[in-house]
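What follows is one structure encoded as structure tokens, with my remarks underneath.
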Amino acid sequence: MAELKTKQTRASVTTFLNSIEEPGQRADVRKIAAIIRDVTGSKARMWGTSIIGFGYYDYKYESGREGRWFLCGLSPRKQSLSIYIMAGFARFDELLEKLGKYKTGKSCLSIKSLDDVDIDVLRQLIEASVEHMRSHYATG
């Protein structure tokens with residue numbers, strides 16, 4: 001079975017944050033990280049070279065594949081900020097309607113900047129996702 005390429009590392013989150021070149025994006029990442037830290041109660045850790053993850057959950061598929069992944073995370077990308085909402089978006093239609101300008105993938109919420117979204121709604125979305133994950137998985 002293939003092993004996950006992205007794993008938790010010992011790299012410095014502070015060093016990574018300080019390396020974000022665009023000042024507005026760096027400020028947005030710091031604000032979002034503070035929200036996620038507050039919601040999860042977990043310390044930020046680097047996952048791979050470009051994802052900041054908070055907490056973790058353990059999963060096991062019917063196939064027998066199992067692993068550990070972050071409970072919630074974020075990553076500054078060239079075109080947008082990626083916020084990883086691990087519960088997905090199917091159950092959060094009402095919150096998404098109020099959020100503002102965004103795009104989604106399976107578990108990835110992409111925003112250009114915090115100016116494009118309602119930060120209180122973003123926090124509620126993160127809280128709802130973390131609550132869902134904690135109710136369905138072993139977390140830490």
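In this chain, numbering begins with 1 at the start of the sequence shown.
Separation of atoms NZ (Lys103) and NZ (Lys112) is listed at 6.5 Å; rounding is to 0.5 Å. The CG atom of Leu99 sits 11.0 Å away from the CG atom of Asp120 when rounded to the nearest 0.5 Å. Atom OH of Tyr61 is separated from atom CD of Glu66 by 11.5 Å, given to the nearest 0.5 angstrom. Atom CE of residue Met46 and atom CD of residue Gln8 lie 10.5 Å apart, to the nearest 0.5 angstrom. Interatomic distance, Ile32 CD1 to Leu81 CG, rounded to the nearest 0.5 Å: 5.0 Å. Distance check: Lys78 NZ to Gln25 CD gives 11.0 Å after rounding to the nearest 0.5 Å.
Between Thr6 and Trp69, some side-chain heavy-atom pair lies under the 4.5 Å cut-off. Annotation: side chain of Leu17 is in contact with side chain of Arg30 (closest heavy-atom distance under 4.5 Å). Thr104 places none of its side-chain heavy atoms less than 4.5 Å from the side chain of Ile85. In this structure the side chain of Ile52 reaches within 4.5 angstrom of the side chain of Val29, judged on heavy atoms. Counting only heavy atoms from C-beta outward, the side chains of Ile111 and Tyr102 approach each other to under 4.5 Å. Leu71 has its side chain within reach of Arg134: a pair of non-hydrogen atoms, C-beta onward, lies under 4.5 Å apart.
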Report the C-alpha distance between Leu122 and Leu114 in whole Å, list the side-chain angles of each, state the deciding distance to 0.1 Å, and finish with yes or no for side chain to side chain contact (heavy atoms under 4.5 Å, CB included).
-> CA-CA 9 Å; Leu122 177 61; Leu114 278 177; 3.9 Å; yes
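Heavy-atom minimum distance, Ala44 versus Phe54: CB-CE2, 3.4 Å. Shortest non-hydrogen contact noted between Pro76 and Ile20 is CG-CD1, 3.7 Å. Between Val130 and Cys72, the shortest heavy-atom distance links the atoms CG2-CB, 4.3 Å. Residues Gly53 and Phe70 come closest through the heavy atom pair CA-CB, 3.8 Å. The shortest non-hydrogen separation linking Ile36 to Gly73 is CD1-O, 4.1 Å. The shortest heavy-atom contact between Trp47 and Arg68 is CZ3-O, 3.7 Å.
Partners of Phe89 according to the ring pair (Phe, Tyr, Trp, His ring centres under 6.0 Å) rule, which considers only residues two or more places apart in sequence or in another chain, do not exist here.
Of the charged side-chain nitrogens involved, at least one lies within less than 4.0 Å of a carboxylate oxygen, so that Glu127 and Arg123 count as a salt-bridged pair.
Sorted by first and then second residue, the side-chain hydrogen bond (donor to acceptor under 3.5 Å, both in side chains) pairs with a member in residues 79-90 read Arg77-Tyr84; sequence neighbours excluded. Listed by first then second residue, pairs satisfying salt bridge (Lys or Arg N to Asp or Glu O under 4.0 Å) with a partner in residues 15-26 number zero, not counting sequence neighbours.
None of Met133, His132, Lys106 except one satisfies the side chain to side chain contact (heavy atoms under 4.5 Å, CB included) rule with Met86; the exception is Met133.
Linking ILVMFWY side-chain heavy atoms closer than 4.5 Å, directly or via other members, places Val13 and Ile83 in a single hydrophobic cluster. Tyr56 and Leu74 are assigned to two separate hydrophobic clusters, defined by single-linkage of ILVMFWY side chains at heavy-atom distances under 4.5 Å.
In this structure, the side chain of Asp38 does not engage the main chain of Ala34 through any donor-acceptor pair within 3.5 Å.
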